Amino acid sequence: MKRRTFIRLVGGGTVAAAVATQTTGCQVSSTYPADAVEAWAGPSAQLDPRRWALAHAITAPNPHNLQPWLVDLRQDSVITIYTDPTRVLPQTDPFGRQIMVGHGAFLELLVMALAQRGLNAEVQLWPNGEMPATLTQWDRRPVAKLTLTPQKAINAAQTALFAQVLKRHTPKAAFDVGRAVDANTLRALVGSLDTKATARVMCAGTVDAAAIGTLRSLCNDAGTVEINTDRTMLESMKLLRVGPAEISTHRDGISINTPFIRAIHAVGLLDRTNAPQPGDTAHQTAVQRFGEQALTAMGFVWLSTPGNTRSDQIEAGRAYVRLQLKAVALGVGIHPLSQALQEFPEMAAHYANVHRQCLQKPAPAGPRDDTLQMLCRLGYPVQPAIPTPRRPLAVFQMA
């Protein structure tokens, strides 16, 4: 649920000349290709209700924009959701927790969209049992089975929240440090999750200056750990999509379309096979970019569950997307800073610290312990958030 810019520059002083050769006499747009973001225009009203709902659900926030969802529509009045076990993050998300949170966001948007088409969805999570803890044992067992029946009335509050779905874009730029998030906004955001769908999820947050400072530093330090750990850095680098052709082809991952990076890529100076080291331009750029995010937080909000089962992770994702939709309605930016919650060994100290800071409890030792599922910064972006690419609707449907 984050995007960063990583480059390794080689060739020394030849870079400026090479870039100039590639860009002289032309203007290059940073806008993503239209086909890559077409999902955000909304589906045709003529689509059958299940596909219409799915067209909204695929816009759900998810880690590294992997979009790991699959659906089976072959049974009438049923939608069965699966996960693609190849679309995971074994280095930064070794137990697949964040992937499951993303599935929860997808599920919630699907249920909300179905309601707009007059369909109630009875959700059965894990009809064949929960996914194993080890990613190498993941299979194509269903995540959820939705049985659809006619719904007589549409909930007005749900409709108001659903109106934000295609406006929901995660702000990844710096926040305005001159504009505070007031306590009333935080209360409205936290209080919005008192719903049946998110009953097991607890939401809290802070706009206290001292607490903000502590969490800013914690998040920044955690981001540095991810950047300084070669295998976790490489995981992100391998998901870079640079320039219109790559972005249109993949429509997932970490999309970069800025003219300078495209020019470097065009002359063969973008290395995605080696992690940048301290002192490299690429390393400095990554650290600076993450610092702009973490250190401009003007508040924080977090979600926790009284356990860490796969169902808890799904419910956290359902709650998170509702929280983000409410934030859109309130006009405030909300952006996950997930690094401190990552469960690879080098992050262990920050993982323990963030649980102490937010829950006043130790890091969970098992699936029945209180678990921090999401940590997000709040603020007002200095640049408008933009839509991120989405794969075509057809690729998510199982044959």
Side-chain angles (χ1 to χ4, degrees), residues 1 49-51 53-90 93-115 119-149 165 195-201 252 303 305 307-322 324 336 338 343 367 371 373-374 390-391 393-399:
M1 296 187 182
R50 290 186 299 172
R51 288 179 176 82
L54 287 167
H56 287 85
I58 64 172
T59 69
N62 64 105
H64 276 43
N65 199 23
L66 286 175
Q67 305 162 52
W69 318 292
L70 295 168
V71 295
D72 187 345
L73 303 180
R74 289 173 290 187
Q75 186 178 350
D76 289 343
S77 300
V78 170
I79 301 175
T80 306
I81 301 173
Y82 295 82
T83 190
D84 183 342
T86 67
R87 288 182 169 268
V88 295
L89 299 164
D93 185 30
F95 304 111
R97 184 191 62 79
Q98 292 186 74
I99 292 292
M100 287 297 111
V101 171
H103 274 71
F106 174 83
L107 171 62
E108 184 65 13
L109 290 190
L110 181 57
V111 170
M112 291 174 68
L114 288 165
L119 293 170
N120 178 68
E122 179 185 340
V123 178
Q124 181 186 7
L125 293 179
W126 307 110
N128 294 346
E130 292 194 346
M131 202 70 82
T134 305
L135 288 180
T136 56
Q137 296 178 332
W138 278 24
D139 51 32
R140 290 290 175 91
R141 72 185 69 190
V143 174
K145 180 179 180 180
L146 281 62
T147 302
L148 311 182
T149 55
V165 169
T195 67
K196 181 180 178 182
T198 58
R200 278 184 60 82
V201 182
D252 66 359
L303 300 175
T305 51
N308 195 27
T309 66
R310 294 300 186 193
S311 294
D312 288 324
Q313 295 160 10
I314 294 286
E315 294 302 334
R318 298 186 73 174
Y320 171 67
V321 76
R322 295 178 70 88
Q324 202 176 39
S338 304
E343 296 157 279
T371 303
Q373 299 287 356
M374 294 291 291
R390 287 297 186 271
R391 294 189 292 148
L393 182 61
V395 305
F396 298 101
Q397 187 172 334
M398 299 173 66

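In this text, all values refer to a predicted model and were calculated from it rather than measured experimentally. All values below come from the heavy atoms of this structure, side chains included, with hydrogens, waters and symmetry mates left out. Counting from 1, the numbers follow the sequence of the chain as shown.
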So F106 and W69, would you call those rings parallel, tilted or perpendicular, with 30° and 60° as cut-offs? parallel

Using a 4.5 Å cut-off on heavy atoms from C-beta on, say whether the side chain of [Y] contacts that of [X].
X    : Y    : result
L135 : I99  : no
D84  : R140 : yes
H64  : D252 : no

Check step by step if side chain to side chain contact (heavy atoms under 4.5 Å, CB included) holds for L146 and L114. CA-CA 10 Å; L146 281 62; L114 288 165; 4.0 Å; yes

Which pair of non-hydrogen atoms, one from [X] and one from [Y], has the smallest distance, and what is that distance?
X    : Y    : answer
A105 : A60  : C-CB, 3.7 Å
P61  : Y320 : CG-CE2, 3.8 Å
I58  : R390 : O-NE, 2.7 Å

Test log, rule side chain to side chain contact (heavy atoms under 4.5 Å, CB included), inputs H103 and Q313: CA-CA 9 Å; H103 274 71; Q313 295 160 10; over 6 Å; no

Under the 3.5 angstrom rule, does the side chain of R141 hit a backbone N or O of T83 as a donor-acceptor pair? no

Polar side-chain atom of T305 near backbone of N308 as donor-acceptor pair, under 3.5 Å: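 Not a single qualifying donor-acceptor pair exists.
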
Is there a donor in the side chain of N65 and an acceptor in the side chain of Q67, or the other way round, less than 3.5 Å apart?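 A pair is found: one side chain offers a donor N or O, the other an acceptor, under 3.5 Å apart.
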
